[in-house]
Every structure is written in C-alpha cells, then in structure tokens.
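Below you'll find the structure, written out as structure tokens, and then a few comments.
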Amino acid sequence: MNSSIPFGKPNLSEEELLGVSKVLNSGILVHGEYTKKFEEAFAIRANVKNAVSVSSCTAGLHLSLFVNNIGPGDRVAVPAMTHVSTAHVIELQRATPVFIDVKKETGNMDPELLSDEIKKGPLKAIMPVHYLGLACEMDEINNLAKESNAIVIEDCALSLDGTYKGTKTGALGDCGCFSFYPVKHMTTIEGGIVTTNNDDLAKKIRKARAFGYNKELGARSRAGLYDVDKLGFNYRMNEVEAMVGLVQIKKLDNSLKIRERNYQIINSYLDRCEEIYIFPNEINHSKSSYYCLNIVFKNSKNNYRDKLQDFLKQLNIGTSIHYPSAVPLFSYYKKKYNYKVEDFPVSNFIGNNTLSIPLAKHITEDDANKIGNSIYNFLKGKRS
Ligand SMILES: *Cc1c(COP(=O)(O)O)cnc(C)c1O
C-alpha cells in the first residue's frame with residue numbers, strides 16, 4: 001500500500017492550535033494585538049518598513065490599485081502567465097489589463113515585450129509576478145516603469161524569500177503582495193500582506209482595508225466615534241489568522257531549507273533527461289523561493305504532461321499545474337478582448353506542457369527520492 005503524497009499540505013502543529021484557542025478564549029477576534037505583532041514580525045523578515053495585513057493576496061493587489069487611483073482608461077501591465085487573481089483586480093477597478101507574454105526559460109514577464117507595449121501607450125501600473133518563486137528582472141522592469149511613470153506592484157504570492165540582487169521580493173517595487181493561502185510557503189488559513197517602504201502608501205492601504213475610517217479603533221477619542229472621508233473595503237485579517245501566521249513565521253527558515261533539499265534531490269534524477277527542462281532556481285540576478293519544481297516538456301505533441309500527471313497519480317504522488325491556461329485565454333478574457341492563442345505563444349505553451357512537482361515540508365527525503373525516480377522511470381519508458 002502506497003502512502004499518499006499530496007501536492008500541498010500546510011505545515012501545522014500543536015502550537016498553532018494552542019495559539020488559536022488562546023485567541024478564541026480572549027474574545028478579541030479583530031483589531032487586536034496579534035495582527036499588529038504579525039505585521040511587525042513579517043516586516044522584519046521581509047526587510048521592509050511597512051507590512052499591512054489583509055484578508056488575501058487578492059485583497060492586497062486590489063487595494064494597491066485602488067489607493068493609487070487606477071481606474072477606467074488606465075492601462076496596467078500583467079504577465080499572461082499568472083494566477084487569474086493578478087488580472088482580475090485590474091478588471092475590478094475597470095482598468096485595462098495589458099497582458100505581456102513571458103520568457104520560456106523562466107516563465108517571468110518579458111521586459112522586451114513590456115517595452116513594446118509602452119511604445120503603444122503609457123502604462124499606469126506594472127504588476128510583475130515572480131512566477132513560481134523566481135524573482136523577475138526588476139532593474140529592467142523598474143526602468144521601464146520610470147519611463148512610463150507607472151507604479152510597480154509585485155505579486156509575491158509564491159516568492160516569499162526569493163531575491164533579486166540580494167534584495168527580497170516585496171521590496172523591489174512600490175509595494176508587494178504576499179499570499180498565506182493554505183498551500184503557499186506559509187499559511188494564515190486565508191490571508192495576505194502588503195509590504196512597502198513607502199509610509200504614505202502603507203497608510204492609505206491601512207485605511208482602505210477598513211472602510212475608509214479616519215481613525216483606527218485604538219485611535220478614537222470616544223468609543224464608536226469616527227468619520228469616513230474615503231471609500232474603502234472590509235479586507236482586514238482577523239486575530240485567529242494573525243496568530244497562525246505568527247507561529248508560521250518561526251517555522252519558515254526550516255521549511256524553506258527542506259524545500260531546497262527536496263528540489264536538489266528530485267532535480268538530481270532529471271539531469272540527463274533531454275525531453276524536458278526545468279525552470280531554474282537561480283538565473284542572472286534572480287533567486288527562487290523553491291515553491292515547487294517545474295517540469296516543462298519541450299515538445300507538446302504527445303501530451304506527456306498529462307500522462308506524467310496520471311502516472312504519478314497512480315503512485316499516489318500529487319502534482320499541480322501552474323497555471324492551466326494563459327490568463328487572456330480563459331473564457332472571460334478571451335471573450336471580452338477577443339484574444340487568440342497566437343497572441344501569447346509562450347504562456348500558452350507553458351500552460352499546456354508544465355507540471356508542478358511538490359517540495360514542501362511534508363515531502364520527506366524518501367518521498368523526494370521516490371518522486372525523482374518515478375519521473376525518471378516515466379521518461380525512460382517513453383524513450384524505449
Ligand atoms: C495564490 C496566488 C494569488 C492569490 O492569492 P490569494 O491569497 O488566494 O488571494 C495571486 N497570485 C499568485 C501568483 C498566486 O499564486
């Protein structure tokens with residue numbers, strides 16, 4: 001009987017449970033001390049001045065556009081290969097997504113294509129996504145942003161601890177948005193955080209995540225008394241989530257080490273497999289955060305991606321796909337903007353030919369060897 005290896009599994013233990021029951025017993029479920037403590041701890045870890053906790057990465061991305069007044073008529077660049085979240089927030093603001101195809105070797109936004117789009121018309125914002133944890137070419141992107149007077153909002157949902165020229169993602173643009181969804185590097189159940197070195201931007205995001213109140217709960221001169229001078233959302237993180245996050249931060253160094261170890265083990269089986277390539281964990285100035293290991297089949301003809309996924313499933317090895325389609329080719333976008341497959345050849349290729357292999361803390365050394373060996377055997381079988 002094979003024990004089952006899921007793609008993702010949150011790294012939870014007794015400590016989160018004890019923390020959560022402490023919060024529930026306290027009766028203070030929002031506006032409490034733990035969201036503040038979590039923000040402080042995360043800001044230190046990410047090496048940024050401000051970290052503003054929010055209810056999800058999507059909420060953080062949306063707030064980042066909202067407080068910068070990105071709206072109808074504004075063009076916002078986003079990679080064609082990303083989670084749909086990054087593009088949806090542009091649509092929610094009634095702005096115009098400008099999809100940029102990605103590079104075949106990394107899956108990251110191609111700065112040359114970005115430059116071409118700027119020649120067609122100015123951009124108000126650029127949203128680089130550090131695809132699967134590998135930092136984008138930020139010097140090129142920031143220079144183009146300056147040229148166009150655009151703000152830069154990093155999508156760091158999968159890039160916790162990824163770096164560019166030694167600086168962690170989340171401190172490379174105007175602001176960065178992280179996700180704490182259960183199977184990301186760390187979890188708060190649902191949740192996210194916006195990092196920024198810009199105090200004014202942090203202040204605006206704090207206000208807009210809580211209805212546009214002019215005073216936070218602790219700052220009111222009389223209980224219940226406040227004014228509302230801005231529009232806003234209810235995008236706060238709650239105390240239970242923040243408590244889980246505080247415990248999770250302590251475990252990060254160890255769990256990131258295990259991800260890297262698992263990457264090295266699995267990768268060692270795949271070195272001489274000519275029919276595939278793997279997105280690099282390090283290239284030029286960028287380093288990855290080892291979210292997962294990605295196998296890319298060079299030739300899409302035989303549908304080997306799906307076959308490998310089925311093969312591993314029979315061995316009870318879970319995998320995932322990031323992402324199943326180029327975002328502009330999802331029905332909503334395709335219908336609305338009339339995109340064609342040929343408009344985004346690389347993103348379309350990656351969506352159809354890439355399989356994500358798990359690396360997280362629940363993968364033991366034995367599991368990693370089993371996974372690497374199984375993939376190697378699958379590929380060998382296809383050769384003979
Ligand atoms: C998971 C993910 C998101 C969405 O994060 P939520 O916290 O679930 O809103 C956005 N962008 C990328 C690249 C992601 O992987």
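Counting starts at 1 for both ligands and their atoms, in listed order.
Salt-bridge annotation for Lys207 and Glu216: absent, with no side-chain N of the basic residue lying under 4.0 Å from a carboxylate O of the acidic one. In this structure, Asp74 does not pair ionically with Arg94, as no charged nitrogen and carboxylate oxygen lie closer than 4.0 Å. With respect to the salt-bridge test (charged N to carboxylate O, under 4.0 angstrom), the residues Glu39 and Arg206 qualify.
When heavy-atom distances to ligand 1 are checked against a 4.0 Å cut-off, Cys57 comes that close through both its backbone and its side chain. When non-hydrogen atoms are compared, ligand 1 lies under 4.0 Å from the side chain of Tyr323 (C-beta onward) but not from its backbone.
Using 4.0 Å as the threshold, Lys184 has a heavy atom nearer than that to some atom of ligand 1. For Tyr291, the closest heavy-atom approach to ligand 1 does not fall below 4.0 Å.
Looking at Thr188, Val183, Asp155, Leu158 and measuring to atom 11 (N) of ligand 1, the nearest heavy atom belongs to Asp155.
For ligand 1, the atoms closer than 4.0 angstrom to any heavy atom of Ala157 are 2 (C), 3 (C), 10 (C), 11 (N), 12 (C), 13 (C), 14 (C), 15 (O). The distance from ligand 1 to the heavy atoms of Ser56 drops below 4.0 Å at these ligand atoms: 7 (O), 9 (O).
The aromatic rings of Phe38 and Phe42 lie tilted to each other, with the angle between the two planes from 30° to 60°. A perpendicular orientation is assigned to the rings of Phe378 and Tyr304, their planes being inclined by more than 60° (bins at 30° and 60°).
Judged by distance alone, the side chains of Asp199 and Asn50 do bring a donor and an acceptor atom under 3.5 Å apart. Residues Ser320 and Ser356 have side chains that never bring a donor and an acceptor to within less than 3.5 angstrom of each other.
Of the protein's non-hydrogen atoms, Thr58 OG1, 3.8 Å is the one closest to atom 4 (C) of ligand 1. If you check which protein heavy atom lies closest to atom 7 (O) of ligand 1, you get Ser179 OG, 2.7 Å.
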